[in-house]
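Structure record follows, encoded as structure tokens.
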Amino acid sequence: MAVDATGVGGFGDPLPESDIVDGFDRLIVSNRLFGADLNPTVIKKSGKGAPFLVRPHPSHNRMLALWRDLFANRALPQEFLDALAPEVLGLTHADGLLLFGNDRVLYDCRIVRGEESVGHLTLCFYRKREPVFRFLPFPRRPGRRIVYIEGISLTAQSTGYASSLFRRYERLFHDLGFHRFRLKASLSVGKYYWAKEGFDFEDRKQFAEMRENLHALVRRLGLPVEEQEIRRLNHASTVAAFRRDLVIPVYRNAEGYYAAARDATHTEEVRFPLGKAFLLCSAPWDGFKVIYTDTPRRTGFVWSERFLDHGTRLGHVESPRRLEALLAAIRGGGMRESLIFLEPYVPTMPSLHAVHDPAYLERFRGAVARGDRQFAVRDCSISEGSYEAALLAAGGVMAGIDAVFSDRADNAFCAVRPPGHHAGRAEAMGFCFVNNVATGARYARSAYGIERIYILDWDVHHGNGTQALFDEDPLTFYCSLHEHPSFCYPGTGRRFEKGVGAGRGATLNIPLAPHAGDREMIGAFEREVVPSIVAFRPELILLSAGFDAHRDDPIAELECTEDAFVHMTRRVLELADRHCQGRVVSVLEGGYRMESLVSSAIAHIRTLQGKEVPPCSSAGG
Amino acid sequence: MFVGRRMKRDLVTVAPGASLEEAARLLKAHRIHHLPVAEEGNRLAGIVSDTDLRNATLGGTFGGSDRGDSGRPVAVGEIMTRDVVTLSPGDTLDDAMLALSRERIGALPVVEGERLVGIVTKADILSALLSTLDIGGLGVRIEVVLPRDVKEVARLVGVLGDLQVEVRSLVLAPHGGDGYAVFVRVTTIDVGSLKERLREAGFRVPEVAEFLE
């Protein structure tokens, strides 16, 4: 599964250090390598870009140490400079300099068209040091490699130059092992431009404030925007593209900065679409863009610390540790940079009421507010954070659906809890309170206008809640693979349950005998599930992905391994490609043994990313 | 427990003089298999089943036609079963089950004196059984094997109580020569932990695998 790295430089194995030192010397001789002091108070070289002082270069050892740390010796200095200066849309770089600072390397150049100078670019490469212990400033370990865009300016707005250049850079820096772009969006157009280019807010609090400000603006102007449309914004790019159909006036000053209200200096009225206008008037923001390691598919990952706020009593198997373990594995396994992290949001009441009885939700809220320790049944253990977490879990599925339909991701995995598939219109049971998948399905229909939704539930338990909610709905197909109801909770999901009324035929239950394993699971999947997806031609596939059918899971008696989950995931993706542009949103349900939950979920997520997952070593034993 | 509480009261009946066609139409329209034949005053005269109709029309009594020797249409009264096994509302479901099983029939009209008041069919017995055992309800069944000692049963119920398990139904059946099999229907999803607790308390909780062999 080698990634084709020949796009820009073909950086591969580390090069001998003697060659790199040679390269330094050659650049020094031709006056292209110096030292630099970052000094905001002194000078601005040529007026634009980063303020720094050019100094004599530091010692070769220091430079070599930096080169090793930042570029893993994968490129020669001259090679690196060349790769940074491709010809794009008739523009090239001139006077490209490599500057060695204390802990960073800078690249500084003029952008030229032929002989004519049209702009300026300064990049800075460094490595963030991260504390080893969160509560102690030292020791620190080297963290992510970062490309900081100190400044790019073009005298004339050259159409598409920056976009094309940074698209190339993304590949280049990925190959060199960099993790992120960062910048400060402070120029008037920059505040909108960088968002449009996929840069997001570094500071999530600031982003939340921006959302509030947008809300206030919408209210002030009395615009026809629903609250949920603003709540679900979770990336600067979604703000930039927000409500293009609503055009509002903003006011420009002499320097080209914008304000939402007319004042002494901001006098020139201009009209822009809502999102663009709003960002142009926003405060400067620190932006970042993840340089994704290449995965064949872009997979979103919905996660929030607030899912851990749903606490359960001691000894309860549905504990916050499930998600902590999964997240630790994703962080530790180097998957973090290959996933598009998505924030869930709390759905508005109408979205929840599309699935749940308002009085039921109110009872649930009341029980949590009163400090009850369980709700409805003993299985449904609760704590003070349970209500919010349960709502947020449903909003997590909605965020996953947003990402897939807005093309931020090809598919998504929602690492949510509490789980949802047992929750009915007015019932909490089996660890479930709000039916996450059902809320997502109803939302996808109302927000994106799709009709045919296929829900595949391979949790070991039958999703009685989901089935009951869509019993009579011919356009939402519910299919469940589970341990036979005579042996397994909740005792529903018999083969003859095929839907009711108009929905007859749009429910498919496949019970598996106790101790059935991969062979039986995959066999039933191929024989029955695959043809039913093909026949249904869905526009979206939702997965109720529980991993408790694993042989090591204590809660039930199926004996599957990671291989079954990988196989089904891969096949679902193939079918989704054929019918619905690969749109798959997978939602975590059960899985109660940490090791098997983590290994199964990781194998599932990697398969969603389109990666090959080696067969599970314990399979077939 | 009593037939009077479980029987179906809104009856579909047919008069003895009705044609076989009419009877067949009623069976089909109501998706049922048995028609009590009632005379005036709801007096039970007999019962006719879909099997009786089939036998009467397909090469049966009347040579494959629903017209008799005289050429006039055959009436229900001519083919009905007159010697009907009946129950009274005061009989029990046990009576009903035993009668259905021993007589190998499908339905039992319920009469007070001669007056027809209801009917109990195999389907009614099945649904009574299902609701008694709570098989259709949400939950899961676990099996515990006990020595044949009522004190052990009491101890099991005590432990279930201590664990705060919600029990939906509990069936005690003879098992082997000297034991009980207890089938407990509980509402918890975490059956794994429950079985573990019971085993820790010294109960024998067989794995499903033991039943498959």
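Keep in mind it's a predicted model, so treat the numbers as computed, not measured. Lettering follows sequence order; numbering is per chain, from 1.
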Worksheet item: Checking His316(A) against chain B: side chain, backbone, both or neither under 4.5 Å from a heavy atom?
Response: neither

Response to the item:
Ranking Ser486(A), Gly590(A), Ala556(A) by heavy-atom pairs under 4.5 Å to chain B gives rank one to Ser486(A)

Worksheet item: So which of Gly430(A), Gly315(A), Cys380(A), Pro485(A) has the largest heavy-atom pair count under 4.5 angstrom toward chain B?
Response: Gly430(A)

Looking only at the side chains, is there a donor atom on one of [X] and [Y] sitting less than 3.5 Å from an acceptor on the other?
| X | Y | result |
| --- | --- | --- |
| Thr312(A) | Glu318(A) | no |
| Gln467(A) | His421(A) | no |
| Asp459(A) | His482(A) | no |

Discussion item. Taking side chain as everything from C-beta outward and backbone as N, CA, C, O, which of these in Glu166(B) sits under 4.5 Å from a heavy atom of chain A? Side chain, backbone, both or neither.
Written reply: side chain

Worksheet item: What do the steps show when you test Lys151(B) against Asp149(B) for salt bridge (charged side-chain N to carboxylate O under 4.0 Å, His left out), and what is the final call?
Response: CA-CA 5 Å; Lys151(B) 283 196 181 127; Asp149(B) 178 354; 5.8 Å; no

Find the one option among [options] whose heavy-atom pairs under 4.5 Å with chain A are most numerous.
| options | value |
| --- | --- |
| Ile142(B), Ile135(B), Val165(B), Asp190(B) | Asp190(B) |
| Gly192(B), Gly137(B), Gly139(B) | Gly139(B) |
| Val186(B), Thr187(B), Val191(B) | Thr187(B) |
| Arg185(B), Arg141(B), Glu196(B) | Arg141(B) |

Worksheet entry | pair Asp553(A)-Val460(A): side-chain heavy atoms closer than 4.5 Å | no

Worksheet item: So is Arg155(B) actually on top of Phe203(B)'s ring, under 6.0 Å and inside 45° of the axis?
Response: yes

